[in-house]
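Beneath this line is the structure, given in structure tokens, with notes to follow.
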Amino acid sequence: PVPGPIELGRSLPLLANDQQASRRQAQIAPDAGGLHVADLGSTNGTFLNGARIQTASTRPGDIIRIRSTSFRVEPV
């Protein structure tokens, strides 16, 4: 579950092993239909279902990818 806004990046536990990720890569936060994803100006980009995004809303089943790490959005 994502209870509130969470930053993702290699300086944080979720991506600590992905050295290709930026220190502050992206932010995810709950929204009405799933999650809202925003890239935080990373060098290598944040991807949703294979497309590079700056900001986007997700639905269950969507895949968020940050370098070599992927997350699937699951319904709660």
Side-chain angles (χ1 to χ4, degrees):
V2 179
I6 298 173
E7 275 193 17
L8 301 172
R10 75 170 184 267
S11 65
L12 302 161
L14 284 175
L15 295 173
N17 293 326
D18 193 338
Q19 294 303 307
Q20 294 179 357
S22 294
R23 256 187 296 264
R24 293 182 63 238
Q25 178 88 25
Q27 181 181 66
I28 58 174
D31 74 4
L35 296 174
H36 180 80
V37 182
D39 185 82
L40 298 175
S42 68
T43 301
N44 297 309
T46 300
F47 294 80
L48 179 63
N49 298 325
R52 188 172 181 158
I53 56 105
Q54 291 300 312
T55 183
S57 291
T58 69
R59 297 183 313 235
D62 285 349
I63 303 292
I64 300 166
R65 183 174 58 80
I66 297 172
R67 298 305 291 164
S68 63
T69 305
S70 295
F71 303 93
R72 183 191 333 259
V73 179
E74 298 287 339
V76 283

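Numbering starts at 1 and runs along the sequence shown. Basis for what follows: all heavy atoms, side chains included, without hydrogens, waters or symmetry-related copies.
- P60 is linked by a side-chain contact (heavy atoms from CB on, under 4.5 Å) to P75, counting only residues two or more places apart in sequence or in another chain.
- For A38, the side-chain contact (heavy atoms from CB on, under 4.5 Å) criterion is met by H36, T55, not counting sequence neighbours.
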Exercise answer: donor-acceptor pairs, residues 66-73 side-chain atoms, under 3.5 Å, sequence neighbours excluded:
unit_1: R67; atom_1: NE; unit_2: Q20; atom_2: OE1; d: 3.3
unit_1: R67; atom_1: NH2; unit_2: Q20; atom_2: OE1; d: 3.0
unit_1: S68; atom_1: OG; unit_2: D18; atom_2: OD2; d: 3.1
unit_1: T69; atom_1: OG1; unit_2: D18; atom_2: OD2; d: 3.0
unit_1: R72; atom_1: NE; unit_2: E74; atom_2: OE2; d: 3.2

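- Note: the hydrophobic cluster containing L15 also contains V37 (ILVMFWY, side chain heavy atoms under 4.5 Å, direct or indirect links).
- Contacts classified as side chain to side chain donor-acceptor pair (under 3.5 Å) and involving residues 3-16 (residues at least two apart or in different chains) are given here: E7-R24.
- Taking CG of L8 as the start and CG of L40 as the end, the distance is 8.5 Å to the nearest 0.5 Å.
- Cluster membership for I53 and I6, using ILVMFWY side-chain heavy atoms within less than 4.5 angstrom, is shared.
- Each salt bridge (charged side-chain N to carboxylate O under 4.0 Å, His left out) pair with one or both residues in residues 49-59, not counting sequence neighbours, would appear here, but there are none.
- In this structure, the side chain to side chain donor-acceptor pair (under 3.5 Å) partners of N49, at least two apart in sequence or on a different chain, are D62.
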List, one per line, each side-chain donor-acceptor pair under 3.5 Å for residues 25-35, sequence neighbours excluded.
unit_1: Q25; atom_1: OE1; unit_2: S22; atom_2: N; d: 2.8
unit_1: Q25; atom_1: NE2; unit_2: S42; atom_2: OG; d: 2.9
unit_1: Q25; atom_1: NE2; unit_2: G45; atom_2: O; d: 2.7
unit_1: D31; atom_1: OD1; unit_2: G33; atom_2: N; d: 3.3
unit_1: D31; atom_1: OD1; unit_2: G34; atom_2: N; d: 3.1
unit_1: D31; atom_1: OD2; unit_2: S57; atom_2: OG; d: 3.0

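- Nearest heavy atom pair, residue A56 against residue L48, reads CB-CD2, 3.8 Å.
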